[in-house]
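All remarks here apply to the structure that follows.
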2 protein chains.
Amino acid sequence: MTPFSRHPLDAAILNLGGAHQFSEAEQSAIKKLPITIRLFRPQQDIVHENGPSTQCCIILDGWTCRHQSFEAGHRQISSLHIPGDLPDLQSLHLNDPDFGMTALTKARVAFVPHANMHRLIERFPAIGTAFRREAQVSAAIQRAWLSSLGRRDARGRLAHLFCELYLRLGAVGITDGYILPMPLRQTDLADAVALTPVHVNRTLKDFRISGLIKLQVRKLEILDWPGLRAVSELNPQYLHQK
Amino acid sequence: MTPFSRHPLDAAILNLGGAHQFSEAEQSAIKKLPITIRLFRPQQDIVHENGPSTQCCIILDGWTCRHQSFEAGHRQISSLHIPGDLPDLQSLHLNDPDFGMTALTKARVAFVPHANMHRLIERFPAIGTAFRREAQVSAAIQRAWLSSLGRRDARGRLAHLFCELYLRLGAVGITDGYILPMPLRQTDLADAVALTPVHVNRTLKDFRISGLIKLQVRKLEILDWPGLRAVSELNPQYLHQK
DNA sequence: CGCTTATTTGACCTCGCTCAATCTGGGTGG
DNA sequence: CCACCCAGATTGAGCGAGGTCAAATAAGCG
């Protein structure tokens, strides 16, 4: 783990490997992938909602989201992605994306041509297995969101989102105690939990008054974890961490 | 395709194969899987929400659903499954299920031990690929549901569900023109689209009055497909059919 | 034909939406 | 260094889609 061993895909390798880490050979094969790195500004499209893609992307830095738009101008964010995530494995198997992806913050994203990914899977079945596992984990997170939208009220939804982020960010070592980065605007939060920005604002105020959280500039501090967790009815099983 | 070629897993093979069907060798390997077939009555649990499973299941007959329960007694259905579906590939990779699965109708379900599935994937990488593809398709369907709950009103949600079912059932040849089986009770519909049974009832009445559908005993007839589709804002891309 | 489960309808209420105005803080140009 | 700007956050007032509760009707089924 000397500084020399740093590679842009390190976080992704760690993330994908999960419980049983990749072998040396597998890791170095991943690191030899021909990647193109691009920078994005907040609100910039990474993958357009229509139009096929020939590359997979890997989040190196910053936050991105998948979303779908509606005629009335509303949009629904269906997942949030942080460094180490591979949010577009779907395009390896399906031609038409059913979602758009955009940056929520400044973001650094690596792109790998599909052909290279397919070859990688062929040569290293364990990587194929890891991709299947990753698909299942992110499907599980999506299910949790689905239930959240379906059956939780405004407080529950926001609390659940915060708890999930706390755990996910903690797993990749981005938290500082109970303080986590929170680069999303209230508008973005609203699109994620399917509320209006106005109501998100009111609910956050409610949380603040109840002493559950403190939300400053781009930083969220969880003041009362048991309390927030109770509001969220969180069952962290679905994250399948560790 | 003589009657002699009928095998309980035929539908699943067709479903999984997708665009590029399996080779003879692959197909016969699948058919040689040691399956246990069990029958379930409506509302009976197939996979419990807690407790690990050591088998994958394949729906042979009937409808099932995945769902999550909440403390207040509510439940959210996160997906519906019809014959040919493999709704529990997740358990191949993740130990703890984050959902329960129950039969919505009388159902015939085949079970295959994980070990045999893993061996199958090892020997036939194309089957591993098919499993990845299947995971992505069902994730896409879940995303569509998620957006539906988040951004559509009661009419939109129900219409969207009906349109999706029409297309999915059509793809496996279960529809008869615009008539499709609809074994779900209004309570089940409510749990799927996150409304109360009462409001589902009112919305169905509204559809009936608008001449969009006819809903009789266990049968749904779509009287005005363009109309229903307009209400649903359906973009069938996400089903990735064909 | 009686019993249970599902559907239907009515009356009332509430959570979250809409619309609109105001406040705030960080960035920018003079 | 300061006045200005502008995106984002905050607050208020009124409304409506969908929820709740309760009762009536209809449909399976032994």
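Note on naming: letters A, B, ... go to the chains in the order of the sequence lines (proteins, then strands), and numbering restarts at 1 for each one. Below, all heavy atoms of this structure are taken into account, side chains as well, without hydrogens, waters or symmetry copies. No experiment lies behind these values; they were computed from the predicted model shown.
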Quiz item: Is there side-chain contact between A:His67 and A:Thr102, with heavy atoms separated by less than 4.5 Å?
Solution: yes

Quiz item: What is the ring orientation for A:Phe111 with A:Phe40, classed by angle as parallel under 30°, tilted 30 to 60°, or perpendicular over 60°?
Solution: tilted

Quiz prompt | d(CZ, A:Arg152; P, D:dG18) in whole Å | solution = 21 Å

Self-check item: Salt-bridge present (A:Asp188, A:Arg75; N to O < 4.0 Å)
Solution: yes

Quiz item: Hey, what bend do you get for the helix from C:dC1-D:dG30 to C:dG30-D:dC1 if you fit axes on five pairs at each end, rounded to 10°?
Solution: 40°

Self-check item: Of residues 155-164 of chain B, the positions that come close to DNA chain D - non-hydrogen atoms, cut-off under 4.0 Å
Solution: none

Quiz item: Under the 3.5 angstrom rule, does the side chain of A:Glu49 hit a backbone N or O of A:Ser69 as a donor-acceptor pair?
Solution: yes

Self-check item: B:Arg185 vs A:His74, nearer the 5' end of DNA chain C by closest nucleotide
Solution: B:Arg185

Practice problem: Give a yes or no answer on whether the side chain of B:Asp176 reaches the backbone of B:Ile179 with a donor-acceptor pair at less than 3.5 Å. | Solution: no

Self-check item: Main-chain N/O of A:Trp63 paired with A:Thr105 side-chain donor or acceptor, under 3.5 Å
Solution: yes

Exercise. Considering only heavy atoms of chain B and a distance under 4.0 Å, specify the first and last nucleotide of DNA chain C in 5' to 3' order that meet this criterion.
Key: C:dA6 to C:dA11

Self-check item: Salt bridge flag under 4.0 Å for residues B:Arg66 and B:Asp98
Solution: no

Quiz item: Ion pair present between A:Asp191 and B:Arg151, side-chain N to carboxylate O less than 4.0 angstrom?
Solution: yes

Quiz item: Does anything in residues 196-215 of chain A reach DNA chain D, meaning a heavy atom under 4.0 Å, and if so which residues?
Solution: A:Val198, A:Asn201, A:Arg202, A:Lys205, A:Arg208

Quiz item: Can you tell me how far P of D:dG8 sits from CD of A:Gln186, to the nearest Å?
Solution: 11 Å

Quiz prompt | N/O donor-acceptor pair under 3.5 Å between A:Asn235 side chain and A:Gln237 backbone | solution = yes

Practice problem: Under the ring-ring contact (aromatic ring centres under 6.0 Å, His included) rule, collect the residues that match up with B:Tyr238, sequence neighbours excluded. | Solution: B:His160

Quiz item: More than 12 heavy atoms of other residues, nucleotides or ligands under 6.0 Å from CD of A:Glu71: is that the case?
Solution: no

Quiz item: Can you give one letter per nucleotide of nucleotides 23-30 of chain D, going 5' to 3': B for a protein heavy atom under 4.0 Å from the base, S for sugar-phosphate only, - for none?
Solution: -----S--

Exercise. Show your reasoning for whether side-chain hydrogen bond (donor to acceptor under 3.5 Å, both in side chains) applies to B:Arg152 and A:Gln76.
Key: CA-CA 10 Å; B:Arg152 275 186 255 261; A:Gln76 178 63 47; over 6 Å; no

Quiz prompt | Main-chain N/O of B:Leu234 paired to B:Ser232 side chain as donor or acceptor, under 3.5 Å | solution = yes

Practice problem: Check whether the side chains of B:Gln142 and B:Ser78 place a donor and an acceptor atom closer than 3.5 Å, and report yes or no. | Solution: no

